[in-house]
Number of protein chains: 2
Amino acid sequence: MSEHPQAKAERRPTRQRAALADELAGAAEFRSAQDIHASLTASGARVGLATVYRNLQAMAGDGEVDVIRTADGEAIYRACATDQHHHHVVCRACGLTVEVTGDAVERWAEAVAAQHGFSDVRHTLEIDGLCADCAARR
Amino acid sequence: MSEHPQAKAERRPTRQRAALADELAGAAEFRSAQDIHASLTASGARVGLATVYRNLQAMAGDGEVDVIRTADGEAIYRACATDQHHHHVVCRACGLTVEVTGDAVERWAEAVAAQHGFSDVRHTLEIDGLCADCAARR
DNA sequence: TTATGTGCAAAGGGTTTGCACTCCG
DNA sequence: CGGAGTGCAAACCCTTTGCACATAA
């Protein structure tokens with residue numbers, strides 16, 4: 001094993017990293033690296049796209065941000081509200097995101113996998129729908 | 001609504017489509033479009049990569065094949081064993097895939113989403129681990 | 001000073017598309 | 001014949017990398 005799930009890496013604090021952290025802290029939805037970079041640039045923060053990618057990647061590795069993939073393969077990031085394992089319910093229309101935990105599901109996944117002889121089980125689960133607001137304005 | 005989940009599209013039967021269907025039928029694991037194309041080529045079937053992509057996409061749209069994304073954003077496909085909603089348990093080492101259904105999870109997802117005001121709920125769930133064989137040969 | 005972090009721009013890699021050609025119906 | 005289906009290669013797009021420069025410790 002060479003992976004450290006919640007390993008706290010000691011990265012050197014820099015202006016661009018702070019700006020990125022800020023940007024993430026201010027957003028409630030998942031956003032693409034490009035989107036974040038654009039926002040940063042618009043705000044006057046001079047940060048390179050590569051830097052955004054590199055930091056996002058590092059933070060994801062340390063579990064500081066969640067990463068999920070859109071249907072078309074684009075990675076979107078979001079600051080974790082909690083540091084424990086959780087899943088998301090995302091609004092397809094506006095991107096509103098709610099984090100949820102589900103012990104029942106975790107156990108189910110584990111059990112089902114074990115039932116088929118699998119070990120060292122992990123899983124990905126994303127739920128999407130229409131949030132109350134978006135559903136109402138239809 | 002413009003999506004037809006299991007809509008049966010009437011595509012014109014062609015040599016390449018047949019080859020692709022064959023290739024998919026013979027595989028038990030998820031494979032990338034490129035991989036499938038290589039296999040097809042190796043078998044002597046002259047099929048263009050673009051055609052593989054186009055058909056795979058069409059079939060996925062009609063629910064004839066399952067599509068999931070690898071962690072690095074690559075799409076991998078597999079012929080569905082069943083036409084009803086299901087999930088997968090995939091071996092990280094060899095790709096062995098088992099399809100499973102889980103009413104409990106379906107209901108849980110629906111309930112959790114509803115609890116937060118979401119409607120028209122959908123979800124994605126993939127489970128991965130090490131199959132018995134691969135775990136043994138470590 | 002020295003290793004780490006950053007910017008820029010070029011390179012990568014998977015997927016999509018334009019266009020002319022082929023083949024089913 | 002007419003249009004769906006194909007092949008090829010160029011175009012796309014997100015992401016990664018190489019390398020020289022800036023900066024935290």
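Proteins come first, then strands; the chains are lettered A, B, ... in the order of their sequence lines, and each starts at number 1. What you see is a predicted model; the values in this text were computed from it and never measured.
- For the side chain to side chain donor-acceptor pair (under 3.5 Å) test, no residue two or more places apart in sequence or in another chain qualifies with R54(A).
- Remark: E106(A) pairs with no residue by the salt bridge (charged side-chain N to carboxylate O under 4.0 Å, His left out) rule, at least two apart or across chains.
- Side-chain heavy-atom separations under 4.5 angstrom define the hydrophobic clusters, and the remaining members of the one that includes V89(A) are L96(A), V98(A), V100(A), V105(A), W108(A), V112(A), F118(A), V121(A), L125(A), I127(A), V89(B), L96(B), V98(B), V100(B), V105(B), W108(B), V112(B), F118(B), V121(B), L125(B), I127(B).
- Applying the salt bridge (charged side-chain N to carboxylate O under 4.0 Å, His left out) rule to D35(B) yields the partners R31(B); only residues at least two apart in sequence or on another chain are considered.
- Take D66(B) and apply the side chain to side chain contact (heavy atoms under 4.5 Å, CB included) test, not counting sequence neighbours, and it matches F30(B), C80(B), H86(B), H88(B), E99(B).
- The aromatic ring centroids of H123(A) and H87(B) lie 6.0 Å or more from each other.
- Summary of helix geometry: the two end axes of the helix from dT1(C)-dA25(D) to dG25(C)-dC1(D), each defined by five base pairs via their C1' atoms, are inclined to each other by 30° (rounded to 10°).
- Applying a 4.0 Å cut-off to non-hydrogen atoms, the residues of residues 28-44 of chain B that approach DNA chain C are Q34(B), listed by residue number.
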> Which parts of nucleotides 1-8 of chain D does protein reach within less than 4.0 Å, heavy atoms only, written one letter per nucleotide 5' to 3' as B for base, S for sugar-phosphate only and - for none?
Replying inline: --BBSBBB
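- Residues that satisfy the salt bridge (charged side-chain N to carboxylate O under 4.0 Å, His left out) test with R12(B), not counting sequence neighbours, are absent from this structure.
- A search for side chain to side chain donor-acceptor pair (under 3.5 Å) contacts involving H37(B) returns nothing, not counting sequence neighbours.
- Every side chain to side chain donor-acceptor pair (under 3.5 Å) that D72(B) has, sequence neighbours left out, goes to T70(B).
- Listed by residue number, there are no residues of residues 66-77 of chain B with a heavy-atom contact under 4.0 Å to DNA chain D.
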